[in-house]
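One structure is given below, encoded as structure tokens.
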Amino acid sequence: MISSCLLFSCLAKAVPTDLDKLVNRWVQLEQQISTLNANWRERKPLLEQQLQLLKAENKTLSAMMQDDTTHNDEIDERRLALLSQQTELEKTQNRLSSQLEKVQQLLIGIYPQLPPPLQQQWETELLVLDSLSENGERLEKQLYLLDSMQKYNQRIVTHQTSMTFENHMEVQVEQVFLGTSRGWYVSLDGRFWGSGHSSPSGWVWQAQPTSVNADALLDFVTAIKNVNQAKLVSLPIVLGSKQYEN
């Protein structure tokens, strides 16, 4: 997307007060899954090695049990050692599964608070995530979802879609999103416009707010799509409980 200095001089990226909890949760989730990923990558070779050893041990033990000359005490001792290793491996996998489940529930909680285009992307991915059973695959999908949200926060996103207004009228609009916290929409004829933001209850659209007008939004869309023709645009940004123009 557009990374022009001229465009970014028009905007001050900020988060509304009611998004503080969402941002904190996202940061904590980033830290948690990064730690989880590091631990998994560190333990994966060891677990794979242990699994190979267990298979070899099991093969050897089976051969010994078929040998009539093998002492029963030695067989029992090695069987107990094998069971102990298997139990420890299962405990490690269960701990990882529990951590991945907690992260998955956090992602499901964040989902409705995302901008609608990102919600559409996550909807499919969350269904895939729910169908995965292998810990490695689940971790990879969770990292992908977090990465998509991080990339969304680093750019200005435009999205053309239809929205339903009064009397069930469907109108084609241009939507513009500043990260995952702020957005605007405007119809090409300028009759319908509004702003949106993320909230704990989900993404919220406000129709025709007095803080912004259709002409400014149309100019903003034009500036993003035609960087060579860009000009200064004034749009309201919420900082804390106060509203400013930039």
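The first residue in the sequence is number 1, and the count goes up from there. Just so it is clear, the values below take in all heavy atoms, side chains as well, and ignore hydrogens, waters and symmetry mates.
When side chains are defined from C-beta on, Leu139 does not count as touching Val103, because their heavy atoms never get closer than 4.5 Å. Here the side chains of Leu100 and Asn135 are in contact, with some heavy-atom distance below 4.5 Å. Here the side chains of Leu178 and Ile156 are in contact, with some heavy-atom distance below 4.5 Å.
Across all their heavy atoms, Gly179 and Pro115 have their closest contact at O-CG, 3.9 Å. Heavy atoms only, all atoms of each residue included: Arg138 and Ser97 are closest at NH1-O, 3.9 Å. Here the closest non-hydrogen pair linking Gly190 and Ala214 is O-CB, 3.4 Å. Closest non-hydrogen pair, Pro112 versus Gln119, comes out as O-NE2, 3.0 Å. Looking at every heavy atom in both residues, Phe192 comes nearest to Val171 through CE1-CG2, 3.8 Å. Closest heavy-atom contact between Gly196 and Trp203: C-CZ2, 3.6 Å.
Each of Leu188 and Val221 belongs to its own hydrophobic cluster when Ile, Leu, Val, Met, Phe, Trp and Tyr are linked at side-chain heavy-atom distances under 4.5 angstrom.
To the nearest 0.5 angstrom, Lys225 atom NZ is 5.5 Å from Gln160 atom CD. The distance from atom CZ of Arg182 to atom OG of Ser195, rounded to the nearest 0.5 Å, is 5.5 Å. Rounded to the nearest 0.5 Å, atoms CE (Met163) and CD (Gln172) are 11.5 Å apart. Expressed to the nearest 0.5 Å, how far CG of Leu132 lies from CD of Gln104 amounts to 8.5 Å. Considering CG of Leu145 and NZ of Lys141, their distance stands at 7.0 Å, rounded to 0.5 Å.
Side-chain N/O atoms of Glu101 and Gln105 include a donor and acceptor closer than 3.5 Å.
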CA sep, side-chain torsions, deciding dist, call: Leu107, Trp122, side-chain contact (heavy atoms from CB on, under 4.5 Å): CA-CA 9 Å; Leu107 291 172; Trp122 273 41; 3.7 Å; yes
Check step by step if side-chain contact (heavy atoms from CB on, under 4.5 Å) holds for Val176 and Leu217. CA-CA 9 Å; Val176 181; Leu217 290 173; over 6 Å; no
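With hydrogens and angles ignored, the 3.5 Å screen pairs a side-chain donor or acceptor of Asp189 with a backbone N or O of Arg191. One N or O on the side chain of Tyr185 and one on the backbone of Trp193 form a donor-acceptor pair closer than 3.5 Å. When atom types are taken as modelled, the side chain of Thr180 and the backbone of Leu114 share no donor-acceptor pair closer than 3.5 angstrom. Proximity of a side-chain donor or acceptor of Gln113 to a complementary backbone N or O of Gly109 within less than 3.5 Å is detected. Here the side chain of Thr222 pairs a donor or acceptor atom with the backbone of Leu218 at under 3.5 angstrom. Counting only distance, with no hydrogens or angles, the side chain of Ser98 and the backbone of Arg95 share no donor-acceptor pair below 3.5 Å.
Ring orientation note: the planes of Trp205 and Phe177 are tilted relative to one another, at an angle of 30° to 60°.
In Glu140, the CD atom is not crowded: 12 or fewer heavy atoms of neighbouring residues, nucleotides or ligands sit closer than 6.0 Å.
Under the rule for a side-chain hydrogen bond (donor to acceptor under 3.5 Å, both in side chains), Gln142 has no partner lying at least two apart in sequence or in another chain.
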